[in-house]
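Could you have a look at this structure, given as structure tokens, before my questions?
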Amino acid sequence: MSDTILVTGGAGFIGSHTCVALAAAGYNPLVLDNLCNSDLRVLDRLERITGQRPGWIEGDVRDRALLDRVFAEHRMAGVIHFAGLKAVGDSVADPLGYYDNNVNGTWVLAQAMEAAGVQTLVFSSSATVYGDPDRSPIPEHAPCRPANPYGRSKRIVEETLGDWQAARPGWRVALLRYFNPVGAHESGLIGEHPQGRPNNLMPFVCQVAVGMHDRLMVHGNDYPTPDGTGVRDYVHVMDLAEGHVAALRQLQKAPGLLTLNLGAGSGLSVLQVVQAFERASGRAIAYEVGPRRPGDVPAYWADPSLAERVLGWKARRGLDAMCADSWRWQQGNPNGYA
Ligand code: NAD
Ligand code: UD1
């Protein structure tokens, strides 16, 4: 019998891709999601890709009674916890809502897991915990100085799960710090569909390519970077998904606490992304240079060597694949799953 893994937030962008990687690795994903930022029709697509429909529970991770029922009804080998809110601007406007969802949600989940005797947890953290780093590439031991409530919610969860694992050494916890996830499954059947106007670069570029916006606004070209535009570590979402499977496998071998960067290990500028997208799509991406976006960091990228050493994982898919796969998804699904 294959191991069942509870995937909270599994209907979302990274969670849905991780369901594909889990199924490919012989696990049995069971998705729990409240659909606050996703669409149930993703399950049909997952079934088409994997030939297996993931189990489904509609609900909120803060609902302890629901979690107790779920753990009583299913023998779970572990939990991958994606459920959370991720919009920096919203977190500034509603910090308590963000702490409730992201921090309290994780605490309720961990308590329900403990009560059920499930002690293996992979948590979605973010490179945003580093804030404005002193240097790149960033190693995991770099200081954490999150600069907004979203980033602090991730850091609080990291610290409190660290305390919890120290108090319960039988627990197996992985804190995965994602850099900038982009791309889509190569089938073009699942991908990222932001609600409203996208804040992030790749979804916005995709929407310019299909004519939903006439141009991209480049947020500043006077940074101390090779072409003056912001530099980030973009990592293909399927590489990220496979990183979760690798982390789960490692946790299944031994108890402990892992804190790992998941990134490609190199930085790309806004204009490099735009040019690669033009090559992948064959469309011109019009852009205009505007002012810097408040709160933006000029440049950062991961030192992903610890993840390679500990998990044997590294990102394999490059910028061209990220753009080609994003474009295939965008073209085939201009309205997301609708
Ligand atoms: P997403 O919004 O696509 O997925 C999150 C999913 O969680 C959604 O399906 C949403 O409906 C669900 N959800 C939210 N709150 C919930 C709750 N209380 N109970 C049940 N379900 C809930 O986002 P994503 O990009 O897939 O991100 C997944 C995780 O990774 C998040 O925790 C996010 O903070 C983290 N992360 C994302 C990025 C990124 O750039 N996408 C980077 C670093 C970290
Ligand atoms: C943002 C979040 C970060 C989150 C990450 C997820 C902020 C301040 N940070 O990071 O917490 O973890 O998304 O991937 O929101 N850009 C443009 N024009 C656009 C959009 C973006 O020029 O329309 C530039 C940005 O200035 C930046 C780069 O593209 O240099 C990447 O931006 P984005 O995709 O929003 O990611 P981050 O800012 O790295």
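Every number for a ligand or one of its atoms is a count from 1 in the order of the listing.
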* **Residues lining ligand 1 [heavy-atom distance under 4.0 Å, listed by chain and residue number]** => G9, A11, G12, F13, I14, D33, N34, L35, C36, N37, S38, G59, D60, V61, R62, F82, A83, G84, K86, N101, S124, S125, S126, Y150, K154, Y178, P181

* Using atom types as modelled and distance alone, determine if a side-chain donor or acceptor of D33 lies under 3.5 Å from a backbone N or O of L35. => yes

* Asked: With under 30° as parallel and over 60° as perpendicular, where do the rings of Y337 and W329 fit, or are they tilted in between?
  -> tilted

* To do: Compute whether any side-chain donor of one residue and acceptor of the other, for Q272 and D227, lie under 3.5 angstrom apart.
  => no

* Residue contacts for ligand 2, heavy atom to ligand atom, distance under 4.0 Å -> V88, S126, T128, Y150, N180, P181, N199, N200, L201, L216, M217, V218, H219, G230, R232, Y234, V270, R293, D296, Y300

* To do: Any salt bridge (charged side-chain N to carboxylate O under 4.0 Å, His left out) involving residues 124-143? Give me the pairs, sequence neighbours left out, ordered by first then second residue.
  => D134-R145

* Calculate, to the nearest 0.5 Å, the distance between atoms CG and CG belonging to L22 and N28 respectively. => 9.5 Å

* **Result of checking I80, I14, V122 against L176 for side chain to side chain contact (heavy atoms under 4.5 Å, CB included)** => V122

* Asked: Parallel under 30°, tilted from 30 to 60°, perpendicular over 60°: which one fits the rings of Y98 and Y150?
  -> perpendicular

* **Residues that N104 engages under side chain to side chain contact (heavy atoms under 4.5 Å, CB included), provided they are two or more places apart** => R62, D100, V108

* To do: Measure the acute angle between the ring planes of F82 and H244, then classify it against the limits of 30° and 60° as parallel, tilted or perpendicular.
  => tilted

